[in-house]
Peer 1: 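Quick one: the structure is below, questions incoming.
The analysis underlying the following values was restricted to heavy atoms, covering all of them including side chains, and did not include hydrogens, waters or symmetry mates. Read the numbers this way: they start at 1 and go in the same order the structure lists the ligands and their atoms.
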Amino acid sequence: SPKLEYLLLETRGRVGLVTLHRPKALNALCNGLFVELNQVLKELDDNKDIGAIVLTGSERAFAAGADIKEMKDRNFIENYLEDFLGHWTQITKIRKPIIAAVNGFALGGGCELAMMCDIIYAGDKALFGQPEIKLGTIPGAGGTQRLIKAVGKSKAMEMCLTGSVNLTAEEAERAGLVSKVLPADVVVDEAVKTAEKIANLSQPVVQMVKDAINQSFEIPLSAGLTFERRLFHSTFATKDQKEGMAAFAEKRKANFTHN
Ligand code: CAA
């Protein structure tokens, strides 16, 4: 990777740990940051030694949203012609699991970025919200679409329509937006632990699970069930399925080789 301006990147075992690092702006998601993020995630996705990814920010902010100062003077034609924020969706094309470890503010685009990840762990001071309406605009990267699937219509409407009803970590867990609330200082380590666990399972089978669950948002149930069953069938073409089931029968730990 060339030198990164807005991110920190490290690997821990088979886990890629990406830290949003724009402290002066509470990790506001400027264009340059997102270009780097897409690039780094793609590199991790292509790296055979990596099995899962953790995305985090600082203790104060996961991300306080799209960069308001950078976008305030944009006009409609520019937005439309350049498909402004269209490249944010590249993160949803990453095939390895991504765990968001969220501390502090996850507002606007920050909340949307967390929701584009596969699992969210929240530190106990995390705050989730969609304040765009207070700026005279609406969420532009999934806030009106993914939030409802995570927390239901009433809460999603309340958050997006008022812009000021935010979810604390506890509330986010109760609503199903996050899977775990942890003390702020351990949330990254716990996310890495879970990511490492996933990364040591069969890589192709892990990717099939992600693929199958994501299909449930796109296609009708009967088609989703067929999609799932065909993938299930295809796992029997892997060495890892033979190893996993043999290990069970022989009462030993499976040693997956990711093929
Ligand atoms: N864009 C640009 N700069 C931001 C920013 C953002 N989204 N959020 C924070 N900053 C900057 C502040 O301007 C400030 O910079 P200066 O020191 O140069 O003044 C610095 O980060 C620290 O922020 P504050 O002084 O405001 O910190 P605070 O603790 O008083 O408040 C906050 C924290 C409540 C998160 C507040 O910063 C805030 O409301 N931020 C904006 C949140 C927001 O509206 N997000 C939605 C953006 S629109 C969007 O995301 C569209 C979309 O759907 C894709």
Peer 1: Holding to ring pair (Phe, Tyr, Trp, His ring centres under 6.0 Å), I want the full list of residues that pass it with F84, two or more places apart in sequence or in another chain.
Peer 2: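 Partners of F84 under the ring pair (Phe, Tyr, Trp, His ring centres under 6.0 Å) test: none.
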Peer 1: So, K96 and D118, do they make that salt bridge, N to O below 4.0 Å?
Peer 2: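 Between D118 and K96 there is no salt bridge, as every charged N stays at least 4.0 Å from the carboxylate O atoms.
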Peer 1: Tell me, which residues have any heavy atom less than 4.0 Å from some atom of ligand 1?
Peer 2: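 The 4.0 Å shell around ligand 1 contains K24, A25, L26, A28, R60, A64, G65, A66, D67, I68, K69, M71, L85, W88, F105, L107, G108, G109, E112, P131, E132, L135, P139, G140.
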Peer 1: If the test is side chain to side chain contact (heavy atoms under 4.5 Å, CB included), which one of N27, L29, L7 qualifies with R22?
Peer 2: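 Single side chain to side chain contact (heavy atoms under 4.5 Å, CB included) partner of R22 among N27, L29, L7: N27.
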Peer 1: What are the two closest heavy atoms between Q241 and T235, and how far apart are they?
Peer 2: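 Taking Q241 first and T235 second, the nearest heavy atoms are CB-O, 3.1 Å.
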Peer 1: Applying the side chain to side chain contact (heavy atoms under 4.5 Å, CB included) test to I50, which of T11, V15, D45 qualifies?
Peer 2: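 With I50 as partner, T11, V15, D45 yield a single side chain to side chain contact (heavy atoms under 4.5 Å, CB included), made by T11.
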Peer 1: Do any N or O atoms from the side chain of T56 and from the backbone of A101 form a donor-acceptor pair under 3.5 angstrom?
Peer 2: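 Yes, because the side chain of T56 sits within donor-acceptor range (under 3.5 Å) of the backbone of A101.
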